[in-house]
Amino acid sequence: MLDRIEQIESEARAAIEAATGTAELEELRVLYLGRKAELTGILRGIADLPGEERGEVGAAANRARKELEALLSTRAEALDAAELQARLVEDRVDVTLPGAPARPPGHLHLITRTTRQIEDVMIGLGYRVMEGPEIEHDYYNFTALNHPEGHPARMLQDTFYVQSHPELLLRTHTSPVQVRAMETQPPPIFMIAPGKVYRRDSDATHSPMFHQVEGLAVGEGITLADLKGTLREMLRAIFGGERETRMRPHFFPFTEPSVEFDVSCFQCEGTGKLGDGERCNLCKGIGWIEIGGAGMVDPNLFGFVESNGYDAERVQGFAFGMGVERIAMLRHGVPDLRRFFDNDVRVLEQFS
Amino acid sequence: MRVPYSWLREYCDPGIGPEELAERLAMTGTEVERVITVGPPSAESFVVGKVLAAEPHPDADRLRVCTVDTGDGERTIVCGAPNVAAGQTVPVALPGATMPGGQKLGKAKLRGVESEGMILSATELEVGEDSAGILVLDDGAVPGQALAEVLPVAEPVLELEVTPNRVDCFGVYGVAREVHAITAAPLGPEPWAEDAPAEGEGDVGDYASVEVEAPDLCPRFTARVFTDVTIGPSPAWLQARLTAAGQRPINNVVDITNYTMLLTAQPLHAFDLDRVPGGELTIRAAGEGEKMTTLDGVERTFDAETVLVCDRNGPSGIAGIMGGQVSEVSDETTRVLLEVANWNGTNILRTSRLLSLRSEASSRFEKQLHPDLCLRAQRIASRLMIELCGAKLVPGTIDVAADLPKPHRIVLRSSRVEGLLGMPIERADQAAYLERLGFGVDADGDDLVVEVPADRHNDVTREVDLIEEVARVHGLDGHLPSTLPSSAGQVGGLTREQRLRRRAEDAMRDLGFDEIVGWSFTDPGEAGRLRILEGDPRAEGIVVANPLSEDQSVMRATLLGSLLDVAARNLARDADAVALFESGRVYLSSDGAGEGPLSGHFPGERPAPFAEPHRLGCLAVGPLLAKSWRGGGEPADFFALKAVLEAIAARLGAEPAFEPASEPFLHPGRSAQVLVGGAPAGWVGEVHPLVCRAWDLDAAVAFEVGLAALVGAASVGEETFEDVTAFPAVYQDLAVVVPSEVAATEVRAAILAGGGELLRAAEVFDLYEGEQLDEGRKSLALRLEFRAADRTLTDEEVAGPRGSIEAELEKVGGSLRV
């Protein structure tokens with residue numbers, strides 16, 4: 001019996017060593033260590049052996065079994081690794097073929113992007129974003145903005161009116177939201193209002209539809225100097241940290257004093273001259289670029305919202321407005337206003 | 001407003017160049033559009049000459065060979081002007097001079113005779129309109145004298161962009177006062193300070209009478225009468241000033257009215273008194289349809305709000321806008337009635353718009369002048385009439401005036417100046433600035449009591465207006481600090497709606513769509529091209545009363561038109577596929593539902609006139625995934641865009657549902673209504689082939705949903721914790737056979753209804769239609785997920801509801817497939 005065990009072991013050992021694949025190895029495991037294997041039979045039959053043989057045969061059979069199990073597992077690991085290696089070689093692809101297409105990301109319109117940029121700067125300064133209708137009552141677009149009936153400024157901007165509704169119009173500026181906002185919220189109020197506006201004008205520098213952002217800050221002790229500082233922070237955030245801001249007195253019916261505001265030219269650093277001594281084409285040699293209009297809210301406006309806490313002797317503040325397209329054109333070198341509404345994908349895809 | 005620099009300097013010489021003055025004006029509120037030079041670019045080599053002899057040219061009939069004393073000796077100059085004659089004092093350009101337009105003058109041989117210069121006409125110098133002959137100067141000029149000492153040669157002209165509140169700066173003296181205020185350079189006396197001597201016969205009442213029937217529209221009407229008027233050309237200096245200011249010289253009387261207007265901002269009108277029967281003038285409203293031929297030769301028809309200056313026979317002029325031919329001053333005129341009136345600005349503006357007739361006069365009157373200006377203009381014009389036309393002023397002035405406004409007296413508090421501006425300005429400086437601007441100033445403790453001059457009566461009415469005056473003269477650039485509001489503010493931020501709108505837009509971008517910004521207006525034919533029928537509210541778009549063109553005359557009621565327009569335009573430009581979206585408003589005459597700006601409800605006491613809901617629209621033409629060596633490239637279809645919409649909704653935490661339904665512009669079998677929270681929120685589908693054809697597209701697929709509905713159902717940011725069970729789910733696949741027309745959602749709903757509370761989800765994962773099934777039936781495979789929070793489910797529990805599932809399926813005509 002002992003000889004037989006030794007014989008099985010050496011026979012199995014040889015077969016395992018010679019095995020060339022994990023599948024063959026599995027067959028060998030069944031053959032030599034499976035339920036029907038001879039060695040398994042011997043181990044199972046130990047109890048039937050005479051007492052003096054039991055110990056010796058049992059020990060030998062168990063040892064052989066353990067040896068073979070160990071050998072199988074070592075051998076399996078080796079074959080496994082070899083097979084994996086072979087498979088990896090076989091799985092090789094031509095890495096120079098194009099990648100499987102994923103949908104590339106699209107693009108936000110430059111107007112959206114620029115509007116958001118302005119919104120985010122002003123949010124950081126403590127402002128909220130409010131919206132108003134684009135088809136508006138002339139009350140909000142004109143009357144409550146200090147353009148009484150027949151006021152010349154009412155005719156300054158040619159206005160689209162709604163058919164059969166002479167008192168309704170397409171708002172000519174985002175300023176109507178100032179009054180709507182003050183009707184809704186008592187002071188202090190810090191808000192901006194972005195949106196579409198409309199004027200009867202169409203050429204390279206005028207579009208019948210364009211976008212503005214309005215700003216309004218009203219509370220106690222808000223000054224013209226605060227307006228200047230606010231505009232400076234905003235324009236620095238948009239045009240770069242070293243930019244300067246200046247205000248020139250101007251006239252608007254709904255602010256007093258009124259100003260136009262400029263940012264120092266970011267192409268020539270405000271010198272008006274380019275590196276080669278040529279006149280700067282962006283600011284036309286002036287060193288400043290006009291951005292928008294602003295001023296201290298005219299006390300007459302507070303008269304329209306007095307019942308909501310706007311007492312002109314107690315509260316004051318500023319308002320400003322500017323064109324979104326103009327800022328986008330300056331920042332990104334867009335040459336023509338009409339490009340914004342042409343929506344050529346070759347242009348859209350330049351800005352994400 | 002064009003201001004010739006030499007004219008300005010007659011009243012206030014700032015001692016700086018025109019460019020520097022332009023900069024100072026711009027920084028104090030008067031924008032200077034540009035500074036131009038009228039006449040030659042430089043006055044160099046332009047001198048006064050005396051014609052000593054003018055002989056015929058030997059070889060040319062029309063040329064003369066002149067001998068001209070130019071101070072440095074005698075020169076031969078060939079001249080073609082018919083009026084050149086010995087003894088004349090004339091302007092001469094010497095060789096080396098640069099003519100207007102840049103041409104440089106040299107010596108030239110004219111028909112064999114060398115000419116050492118050029119005798120000039122008024123047109124060549126740009127000092128007048130007469131090009132028929134040379135300009136003859138007054139004898140006072142000395143040969144060899146620089147021409148610039150006699151005439152404004154190379155005149156710098158400031159083109160001011162005067163804001164509508166500053167009517168005073170529509171006159172040169174008003175601009176001079178402004179220059180005085182901002183530079184402190186001395187201001188000359190008011191040119192109207194001295195009146196003319198009245199040496200005519202009788203009294204003005206003997207010659208003329210005026211009746212004002214519309215005093216509210218004509219607050220003041222003044223008239224003077226001149227006799228012995230000699231009509232002729234104006235002197236060179238006057239012609240030069242008018243030309244530089246952009247006015248054409250006509251004759252001395254008309255030029256005087258224009259000159260006076262340019263100086264004072266107050267327009268005047270001269271009548272030939274002999275063409276006003278009886279000298280009677282009546283100011284009245286026109287009769288509806290009344291007609292008159294204006295000075296420009298056009299017959300014009302009036303409405304009842306037009307104000308006319310009439311004689312006994314009918315209209316003689318449109319008040320404040322333009323005179324009529326009937327009483328026009330002509331070469332034969334010897335007696336002139338000079339009208340200087342004040343009109344209601346709003347009415348003038350209205351009438352000039354209505355007639356599309358704008359004049360220098362109307363552009364001033366429409367800004368509302370002060371009645372005090374009338375007599376100023378009468379005084380200046382009277383002196384010039386006597387001086388330049390040899391006229392005699394008849395004593396007396398007809399002056400029909402309603403109550404003249406009293407000047408405003410306003411208290412200016414020092415504390416208020418600093419409080420509003422955020423910078424202190426010394427009280428003495430405040431007073432000095434205001435006085436230089438022509439205000440009367442008295443001190444009252446810390447405050448100033450300020451009287452507003454007539455020129456600024458309508459513009460400066462309140463303390464804040466005075467603060468503006470003080471601030472702008474003081475300067476905002478250097479002095480004003482940059483600060484931020486210190487008052488307690490609020491927390492800035494976007495509303496949840498605004499944040500989620502951004503999120504939806506970002507999601508669209510991340511899914512590969514390009515954002516467009518479409519026109520809010522469209523053409524009236526769009527609804528028809530979209531097959532929207534009459535009666536559908538979207539066919540009844542809001543109409544613009546005065547569009548720029550028919551193409552932009554209706555407000556859009558859907559984003560689809562904009563998307564199709566942009567897609568078609570890009571495909572025509574050789575794009576082979578587009579994936580577009582727009583986040584924007586549509587405009588509906590029906591009242592929109594919902595709350596907040598996304599639904600078209602905005603802050604303010606008066607609601608928006610129309611609904612302006614914010615929509616998210618999307619359109620794809622061609623494949624969303626490019627064709628590659630591995631496949632793909634199939635054009636986007638219904639399911640592709642449905643998946644996009646579901647992905648967007650998922651980004652917001654909303655769950656849209658889809659029901660078979662169609663829109664007129666969609667493929668009837670491949671479109672669905674989108675429901676959010678059970679309510680209709682939009683549509684998704686393949687665009688109807690006829691609509692595609694109208695836009696010249698092969699195929700397109702699109703959706704449009706109300707952002708308010710999606711955002712309203714969004715759970716993002718509002719999620720509540722739900723414990724995850726430790727017990728595994730049990731999955732079971734079911735195959736269901738139903739009639740082909742039964743929607744997948746109905747099958748799913750039936751299964752969920754019959755599955756009991758342990759059934760958590762059922763999703764369709766396969767669809768089969770074909771041979772192994774009866775005609776008209778389809779097989780759907782669904783994966784069911786059963787789960788309990790407190791135990792592992794047994795096979796029996798999962799199999800339990802099978803009977804009730806079968807019962808529910810039977811209701812929709814379905815059965816389990818075995």
Side-chain angles (χ1 to χ4, degrees), chain A residues 97-98 100-101 103-109 111-112 123 126-133 135 137 150 152 160-163 168 180-181 183-184 188 190 196 200 202 208-209 217 219-226 228-230 232 246-251 256-257 296 299 316 341 343 345 348, chain B residues 26-29 163-165 346 349 366-367 420-423 464 468 471-472 476-477 480-485 487 489-490 492-494 498 509-510 512-517 519-520 542-546 548 566 570 575 578 587 597 602-606 608-610 612 624-626 628 630:
Chain A
L97 281 169
R103 178 89 193 143
H107 307 82
L108 288 183
H109 199 283
I111 288 173
T112 301
I123 286 167
Y127 289 66
R128 288 183 188 159
V129 179
M130 298 182 90
E131 288 158 66
I135 306 177
H137 303 272
F160 290 112
Y161 284 87
V162 177
Q163 193 165 72
L168 300 180
R180 287 185 170 276
E183 282 179 350
T184 310
F190 291 81
K196 289 190 171 77
R200 287 191 82 244
S202 185
M209 175 184 89
E220 287 180 25
I222 296 176
T223 66
L224 191 68
D226 293 336
K228 191 175 180 184
T230 301
R232 186 174 73 169
R246 76 171 188 184
M247 304 199 302
R248 288 173 288 109
H250 198 71
F251 170 75
E256 188 82 7
M296 300 301 289
Q316 60 189 42
F341 309 110
N343 295 299
V345 289
L348 297 179
Chain B
M27 292 310 292
T28 49
T163 53
N165 57 323
T346 307
L349 177 65
E366 72 186 23
K367 294 173 182 77
L420 194 71
L421 301 177
M423 65 173 166
V464 67
E468 174 173 59
R472 65 180 190 84
L476 300 180
D477 198 20
L480 188 66
S482 292
T483 54
L484 287 174
S487 69
Q490 59 183 14
L494 295 172
Q498 289 164 342
R509 176 200 55 199
D510 295 345
F513 289 79
D514 291 333
E515 189 191 14
I516 66 159
V517 174
W519 291 102
S520 300
I542 297 159
V543 180
V544 178
N546 54 340
L548 282 176
V566 172
N570 278 289
V578 290
Y587 311 87
F602 302 102
E605 282 167 11
R606 298 174 191 216
F610 297 107
E612 300 182 19
L624 291 181
L625 274 183
S628 81
R630 308 218 303 179

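Lettering of chains follows the sequences in order, A, B, ..., and the numbering in each one begins at 1.
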With only heavy atoms counted, which part of [X] is less than 4.5 Å from chain A, the side chain, the backbone, both or neither?
| X | answer |
| --- | --- |
| B:Q498 | side chain |
| B:V543 | both |
| B:M423 | neither |
| B:Y587 | side chain |
| B:L421 | both |
| B:R472 | both |
| B:N546 | both |

Please look at [X] and chain B and tell me whether the side chain, the backbone, both or neither of the residue comes under 4.5 angstrom of a heavy atom of that chain.
| X | result |
| --- | --- |
| A:Q316 | side chain |
| A:M247 | both |
| A:L168 | side chain |
| A:P104 | backbone |
| A:I135 | both |

Chain B interface, residue from [options] that has the most non-hydrogen pairs under 4.5 Å:
| options | result |
| --- | --- |
| A:P133, A:A181, A:P299 | A:P133 |
| A:I123, A:L97, A:D226, A:L224 | A:D226 |
| A:P105, A:G132, A:S202 | A:G132 |
| A:M209, A:K196, A:M130, A:H250 | A:M209 |
| A:P249, A:G229, A:A217 | A:P249 |

Query - Plane angle bin for A:Y127 and A:F190 - parallel if under 30°, tilted between 30 and 60°, otherwise perpendicular - result: perpendicular
Contact winner vs chain A - [options], heavy-atom pairs under 4.5 Å:
| options | result |
| --- | --- |
| B:G493, B:S628, B:A608 | B:G493 |
| B:G512, B:G29, B:A575, B:P481 | B:G512 |
| B:V578, B:N570, B:I516 | B:N570 |
| B:L625, B:V544, B:V517 | B:V517 |
| B:A26, B:A471, B:P603 | B:P603 |
| B:D514, B:T163, B:V464, B:D477 | B:D514 |

Evaluate the side-chain proximity of [Y] to [X]: yes if any heavy-atom separation is below 4.5 Å, no if none is.
| X | Y | result |
| --- | --- | --- |
| A:R248 | B:L476 | no |
| A:F160 | B:L548 | yes |
| B:E515 | A:I111 | no |
| A:M296 | B:E468 | no |
| A:N343 | B:W519 | no |
| A:E183 | B:R606 | no |

A:R232 meets the salt bridge (Lys or Arg N to Asp or Glu O under 4.0 Å) criterion, sequence neighbours left out, with none
Working note: B:L484 + A:T230, criterion side chain to side chain contact (heavy atoms under 4.5 Å, CB included); need CA distance, chi angles, decisive distance, verdict. CA-CA 6 Å; B:L484 287 174; A:T230 301; 3.6 Å; yes
For B:R509 and A:L108 the tightest heavy-atom approach is NH1-CD1, 3.8 Å
Closest non-hydrogen atoms of A:R180 and A:T184, given as atom of the first, atom of the second and distance, are O-OG1, 2.7 Å
Okay, side chain of A:K228, backbone of B:L480: is any donor-acceptor separation there less than 3.5 Å? yes
